[in-house]
A.B. asks: 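The structure that follows is given in the form of structure tokens.
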Amino acid sequence: MEAVGFLDGRVQVEVGDITAARVDAIVNAANSSLLGGGGVDGAIHLAGGPVILSACQRLRQTRFPDGLPTGEAVITPGGKLAAPWVIHTVGPIYHVAGKKAALLLGNCYRNVLDLALSRSLHTLAFPAISTGVYGFPREQAAQVVSHVLTERLLQPPLDSQIRQVRLIFFRQEDAEVFLENQTFPA
Ligand code: AR6
């Protein structure tokens with residue numbers, strides 16, 4: 001699939017492996033332990049090497065003894081990844097979050113963007129947070145993600161800060177579901 005652009009090309013929808021993305025930071029769909037797992041989390045730790053886990057363990061000890069709360073985000077070095085940084089966020093478990101699921105998923109994207117702003121990062125790559133093991137419906141996620149990105153990327157301060165957001169889907173079918181359900185302005 002060719003990449004598809006929105007918001008003047010600043011948002012790009014594509015199919016691929018996020019661990020190979022050359023951006024300032026890739027985003028990890030972590031769990032609150034920050035100590036790794038399966039899915040994209042496992043792939044990022046495997047590709048980036050032990051530097052990422054060490055930094056996550058330090059964050060647990062210093063700032064988050066009870067784990068990173070759902071919707072929040074933290075940053076670590078990227079280790080051996082092409083991206084110098086990884087921003088870890090914890091998406092909602094859909095059936096646990098109930099009515100708050102959409103708000104919490106939106107918070108993941110908002111908090112990642114805010115962290116990128118505070119670290120002067122310009123280019124990001126996101127996986128489809130919560131839509132794997134955590135069971136968030138892909139159609140609803142597409143609406144939440146396109147809404148939050150539109151709201152934030154078109155307004156100060158992110159309008160002049162974030163040059164590129166790549167939404168990287170592992171499977172072509174997931175990218176197609178996103179494209180069918182997104183609500184970016186034409
Ligand atoms: N590049 C891009 N996307 C990927 C890759 C990759 N290399 N690998 C998988 N995906 P999931 P969640 C896609 O389950 O639902 C972990 O165990 C995948 O196809 O990784 O937020 C954590 O430790 C799917 O579309 O994340 C947590 O315990 C998307 O990434 C839990 O899973 C997200 O699927 C988090 O669950």
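Each ligand, and each atom within it, is numbered from 1 in the order the structure gives.
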A.B. asks: Could you go step by step and tell me if Leu35 and Gln57 meet the side chain to side chain contact (heavy atoms under 4.5 Å, CB included) rule?
C.D. replies: CA-CA 7 Å; Leu35 301 180; Gln57 285 167 334; 3.7 Å; yes
A.B. asks: Which residue supplies the protein heavy atom nearest to atom 25 (O) of ligand 1, what is that atom called, and how far is it?
C.D. replies: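 So the nearest neighbour among protein heavy atoms is Thr131 OG1, 3.6 Å.
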A.B. asks: Can you say whether the rings of Phe6 and Phe184 are parallel (under 30°), tilted (30 to 60°) or perpendicular (over 60°)?
C.D. replies: parallel
A.B. asks: Tell me, with the steps shown, if Val165 and Arg10 meet side chain to side chain contact (heavy atoms under 4.5 Å, CB included).
C.D. replies: CA-CA 6 Å; Val165 171; Arg10 287 167 71 209; over 6 Å; no
A.B. asks: Please assess Thr70 against Ser32 for the test side chain to side chain contact (heavy atoms under 4.5 Å, CB included), listing each intermediate value before the final yes or no.
C.D. replies: CA-CA 7 Å; Thr70 303; Ser32 69; 5.9 Å; no
A.B. asks: For ligand 1, which atoms have a heavy atom of Gly39 less than 4.0 angstrom away?
C.D. replies: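 Every atom of ligand 1 under 4.0 Å from some heavy atom of Gly39: 20 (O).
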A.B. asks: Which option, Ser32, Ser130, Ala21, Ala20, owns the non-hydrogen atom nearest atom 21 (O) of ligand 1?
C.D. replies: Ser130
A.B. asks: Is it the case that ligand 1 has an N or O less than 3.5 angstrom from some N or O of Ile18?
C.D. replies: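 Min N/O separation from ligand 1 is below 3.5 Å for Ile18.
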A.B. asks: Tell me the closest heavy-atom pair linking Ala43 and Thr19, and the distance in Å.
C.D. replies: O-CG2, 3.6 Å
A.B. asks: Using a 4.0 Å cut-off to any heavy atom of Ala29, which atoms of ligand 1 qualify?
C.D. replies: 21 (O), 22 (C), 26 (O), 35 (C)
A.B. asks: Have Glu176 and Gln172 got a donor and an acceptor in their side chains that come within less than 3.5 Å?
C.D. replies: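 Looking only at side-chain atoms, Gln172 and Glu176 do form a donor-acceptor pair, the distance falling under 3.5 Å.
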A.B. asks: Quick one, Tyr109 with Ile129, criterion side chain to side chain contact (heavy atoms under 4.5 Å, CB included). Give me CA distance, side-chain angles, the key distance, then yes/no.
C.D. replies: CA-CA 9 Å; Tyr109 287 80; Ile129 298 166; 3.7 Å; yes
A.B. asks: Any nitrogen or oxygen of Ile129, side chain or backbone, less than 3.5 Å from one on ligand 1?
C.D. replies: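 Between Ile129 and ligand 1 (N or O atoms, distance only) the closest approach is not under 3.5 Å.
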A.B. asks: Nearest non-hydrogen contact with atom 23 (O) of ligand 1 belongs to which option: Thr89, Leu35, Ile44, Asp41?
C.D. replies: Asp41
A.B. asks: Regarding ligand 1, does Tyr134 bring an N or O atom to under 3.5 Å of one of the ligand's N or O atoms?
C.D. replies: yes
A.B. asks: Show the nearest heavy-atom pair for residues Ala101 and Phe136, with the distance to one decimal.
C.D. replies: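 Where Ala101 meets Phe136 most closely, the heavy atoms are O-CE1, 3.5 Å.
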A.B. asks: Can you list the atoms of ligand 1 that are under 4.0 Å from a heavy atom of Gly37?
C.D. replies: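 So the atoms of ligand 1 that pass are 17 (O), 23 (O).
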A.B. asks: How far is atom 19 (O) of ligand 1 from the closest protein heavy atom, and which atom is that?
C.D. replies: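 Of every protein heavy atom, Phe170 CB, 3.6 Å lies nearest to atom 19 (O) of ligand 1.
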A.B. asks: Could you name the option among Pro127, Ala125, Gly38 that has the heavy atom nearest to atom 16 (C) of ligand 1?
C.D. replies: Gly38
A.B. asks: So which protein heavy atom does atom 14 (O) of ligand 1 come closest to, and at what separation?
C.D. replies: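 Result: Val133 N, 2.9 Å.
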A.B. asks: Pairing donors with acceptors under 3.5 angstrom, does anything connect the side chains of His147 and Thr183?
C.D. replies: no
A.B. asks: State, yes or no, whether a side-chain contact exists between Val40 and Asn28 at a heavy-atom distance under 4.5 Å.
C.D. replies: yes
A.B. asks: Write out the residue and atom name of the closest protein heavy atom to atom 29 (C) of ligand 1, then the distance separating them to 0.1 Å.
C.D. replies: Ala128 O, 3.5 Å
A.B. asks: Starting from atom 30 (O) of ligand 1, find the nearest protein heavy-atom neighbour and note its residue, name and distance.
C.D. replies: Val40 CB, 3.9 Å
A.B. asks: Starting from atom 15 (O) of ligand 1, what is the nearest protein heavy atom, named by residue and atom, and what distance separates them?
C.D. replies: Gly132 N, 2.8 Å
A.B. asks: Near Asp17, which atoms of ligand 1 are under 4.0 Å from a heavy atom of that residue?
C.D. replies: 1 (N), 6 (C), 7 (N)
A.B. asks: Which protein non-hydrogen atom lies closest to atom 28 (O) of ligand 1, naming both residue and atom, and how far is it?
C.D. replies: Asn31 ND2, 3.2 Å
A.B. asks: Are Tyr134 and Tyr94, when compared by the centres of their aromatic rings, separated by less than 6.0 Å?
C.D. replies: no
